[in-house]
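Notes follow once the structure below has been shown.
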Amino acid sequence: DPLPTVRFDVGARAVAESVGSTIVSIILDTVAGTDITVPLTNSGTATNGSDYTLASNTVVIPAGSTGADLTVAIIDDLVDEPDESFTLALGAPVGAQLGTPSTHEVTISDNDIPPSLRFTQATASVGESGGTITLDIELTSPSAQEVSASVTFFGTAELGTDYSPSTTSVSIPAGLLTTSLTLTLQDDGLDEPSESIVAVLENPVGAALGTIPVQTVTVLDDDDPPTVAFAAATSLAGESAAEVAVMLTLTAPSAFDVLVPYTIGGTASPVLDFGIDASPLTIPAGMTSATIRITPVADALSELDETVQLTLGAPTHAVLGAPSAHTLTIQDESDLPTVFFEVPAQDRLEGSGLATVMVRLSTLSAIDVNVAIARSGTAQVPADHAPIPSTVTIPAGSDQTTITIPIVDDLLDEADETIILEILGADEAVRGTPDTHVTTILDDDAEPLASIIAPPGPFTESDGALTLTITLDAPSGRTVTLPF
């Protein structure tokens with residue numbers, strides 16, 4: 001009799017991973033007269049012992065039977081994975097011949113939900129000088145396949161300037177649960193507000209996004225605020241200067257606008273002598289200096305050099321350094337005025353009682369001008385006039401002063417007399433012309449009457465001599481000569 005033919009009842013089947021087990025039937029085309037032994041081999045993407053359990057690689061069909069069932073346990077492994085399959089192949093049977101189908105493929109449909117990919121924490125903080133911070137990423141359960149995702153970054157911190165990520169994509173190999181990425185921080189030395197780095201998981205492959213798809217890292221600034229001060233304590237400028245820039249500097253740039261208030265003092269008067277920027281001065285973020293602009297006002301007044309005193313107050317986003325005060329000296333560039341007598345000479349009657357002499361400046365002066373005066377002439381003090389001061393002052397803002405000379409009316413017939421005044425010099429002025437003034441005091445007293453008085457007579461020849469007395473009815477200021 002011909003040998004029976006052995007084969008699988010069907011060539012393939014599909015089962016769910018959760019099915020527990022599946023029965024694979026091996027059949028004969030006739031009843032077996034003896035026990036038939038059939039060897040089995042297994043292969044495929046599913047793994048024996050992990051995905052399924054094949055208890056034996058030999059099937060025995062007892063005599064008198066037309067087949068045998070092979071129970072294969074299906075392992076529900078809770079691992080998200082692609083559908084897998086295993087193939088059983090019949091080998092050369094003993095007591096039968098091999099038919100078709102001689103292979104049987106079992107496809108196991110995975111029933112596990114894909115794991116979730118997430119950050120392990122939603123927030124973190126680190127000092128700017130901390131160097132690095134690690135962001136940990138995890139799966140809620142292992143996967144039989146590699147899980148990957150891209151990572152994007154935004155926030156107030158600037159990518160490439162404030163920090164650099166080790167990667168912009170992550171992957172977790174099959175069977176593992178965690179991975180991480182590193183942020184390298186740049187300690188920029190800037191005083192600045194705390195900044196944020198927001199990392200976002202996107203476009204996952206092999207997993208769903210979990211409950212923490214975003215992690216925010218707060219980078220705590222640990223830089224001291226810069227120090228602000230004047231670049232120099234003093235400066236000079238001529239009155240005709242178009243503009244003077246007084247510089248303030250920071251020891252380091254700041255991410256904030258630095259506001260520096262200041263007060264104004266000194267001998268110069270705002271508006272009249274200079275214009276100036278309004279307080280406070282702003283040093284823009286990222287800059288290390290700014291200037292206070294002062295505009296001197298040129299005038300025609302002769303004046304002393306004047307000062308503008310700037311004093312810094314408490315700054316915002318900086319600490320006050322030294323020098324915190326600056327003095328600008330505005331140098332007067334006006335020519336000194338000339339000082340002179342208004343007229344070179346005058347005549348005054350002795351009986352007028354008063355003579356006035358005007359001392360003038362060629363231009364107004366912003367300061368007192370003291371003029372030294374010398375007196376000479378034939379008139380005498382106090383017989384002919386009152387004392388004259390040796391210094392007279394032309395007040396600031398004026399261009400003249402008056403010397404008043406009281407004249408003494410002495411009733412003496414005398415020659416006309418002179419008072420000569422000479423400008424010797426002046427502070428804050430130069431001597432001009434006329435620098436000499438002559439006041440002539442014109443005598444207005446009548447000449448005295450002369451009389452001859454003879455002794456009472458009669459006289460005799462024997463008297464020898466006769467004395468005559470000559471008298472004036474008033475004193476005279478000069479010698480009186482009488483011809484006879």
Item to complete: Search all heavy atoms of Ala96 against all heavy atoms of Leu28 and return the closest pair with its distance.
Response: CB-CD2, 4.4 Å

Worksheet item: What's the shortest heavy-atom distance between Val79 and Pro142, and which atoms?
Response: CG1-O, 4.0 Å

Item to complete: Hey, could you give me the OG1/CZ distance between Thr436 and Phe341, rounded to the nearest 0.5 Å?
Response: 7.0 Å

Discussion item. Can a donor-acceptor pair be found, under 3.5 Å and without considering hydrogens, that links the side chain of Asn42 to the backbone of Leu88?
Written reply: no

Worksheet entry | Asp76 vs Asp112, side chain to side chain contact (heavy atoms under 4.5 Å, CB included): CA-CA, chis, key distance, verdict | CA-CA 9 Å; Asp76 191 356; Asp112 296 300; 3.9 Å; yes

Fill in: Any pair counted as side-chain hydrogen bond (donor to acceptor under 3.5 Å, both in side chains), so long as it reaches residues 214-232, sequence neighbours left out
Ser129-Asp222

Worksheet item: Can you pull the ring-ring contact (aromatic ring centres under 6.0 Å, His included) pairs that have at least one residue in residues 80-124, sequence neighbours excluded?
Response: Phe8-His104, Tyr52-Phe86

Worksheet item: Would one find more than 12 heavy atoms of other residues, nucleotides or ligands at under 6.0 Å from atom CE of Met358?
Response: yes

Discussion item. Enumerate the side-chain hydrogen bond (donor to acceptor under 3.5 Å, both in side chains) contacts for residues 168-187, please, sequence neighbours excluded, ordered by first and then second residue.
Written reply: none

Worksheet item: Would you say Arg293 has more than 12 foreign heavy atoms packed within less than 6.0 Å of its CZ?
Response: no

Worksheet item: With side chains defined as the heavy atoms from C-beta onward, is the minimum distance between Val214 and Val198 less than 4.5 Å?
Response: yes

Worksheet item: How many angstroms lie between atom OG1 of Thr30 and atom CD1 of Ile27, to the nearest 0.5 angstrom?
Response: 11.0 Å

Response to the item:
Taking every heavy atom of Met287 against every heavy atom of Leu250, the minimum-distance pair comes out as O-CD1, 3.6 Å

Fill in: Euclidean distance, Ile212 CD1 relative to Leu201 CG, rounded to 0.5 Å
10.0 Å

Practice prompt. List the atom of Thr363, the atom of Pro337, and the distance in Å for their closest heavy-atom pair.
Written response: OG1-CB, 3.4 Å

Worksheet item: Is Ser116 reaching over with its side chain to a backbone N or O of Thr140, donor-acceptor style, under 3.5 angstrom?
Response: no

Worksheet item: Side-chain contact, heavy-atom cut-off 4.5 Å: Thr103 with Leu90?
Response: no

Practice prompt. For Ser25 and Asp69, work out which heavy atoms get closest and say how close.
Written response: OG-OD1, 2.7 Å

Fill in: Heavy atoms from other residues, nucleotides or ligands near CG of Leu98 exceed 12 (cutoff 6.0 Å)
yes

Worksheet item: Can you list the residues that meet the ring pair (Phe, Tyr, Trp, His ring centres under 6.0 Å) rule with Tyr163, with sequence neighbours excluded?
Response: none

Worksheet item: Could you give the distance from CG (Leu54) to CG (Leu70), rounded to the nearest 0.5 Å?
Response: 5.5 Å

Fill in: side-chain hydrogen bond (donor to acceptor under 3.5 Å, both in side chains) contacts in which one or both residues fall within residues 254-265, not counting sequence neighbours
none

Practice prompt. Please answer whether the main-chain N or O of Ile26 pairs with a side-chain N or O of Asp9 as donor and acceptor at a distance below 3.5 Å.
Written response: no

Practice prompt. Ignoring hydrogens and angles, tell me if any N or O in the side chain of Arg431 forms a donor-acceptor pair with the backbone of Ile423 under 3.5 Å.
Written response: yes

Worksheet item: Within the side chain of Ser56, is there an N or O that forms a donor-acceptor pair under 3.5 Å with the backbone of Thr58?
Response: yes

Worksheet entry | side-chain hydrogen bond (donor to acceptor under 3.5 Å, both in side chains): pairs with one or both residues in residues 312-330, sequence neighbours excluded | Ser235-His326, Gln309-Thr327

Discussion item. Under a 3.5 Å distance rule, please check whether Asp51 uses its side chain to pair with a backbone N or O of Thr47 as donor and acceptor.
Written reply: yes

Response to the item:
Rounded to the nearest 0.5 Å, the OG atom of Ser164 sits from the CG atom of Leu183 at a distance of 9.0 Å

Worksheet, complete the sentence: Rounded to the nearest 0.5 angstrom, the CG-OG distance for Asp110 and Ser18 is 10.0 Å

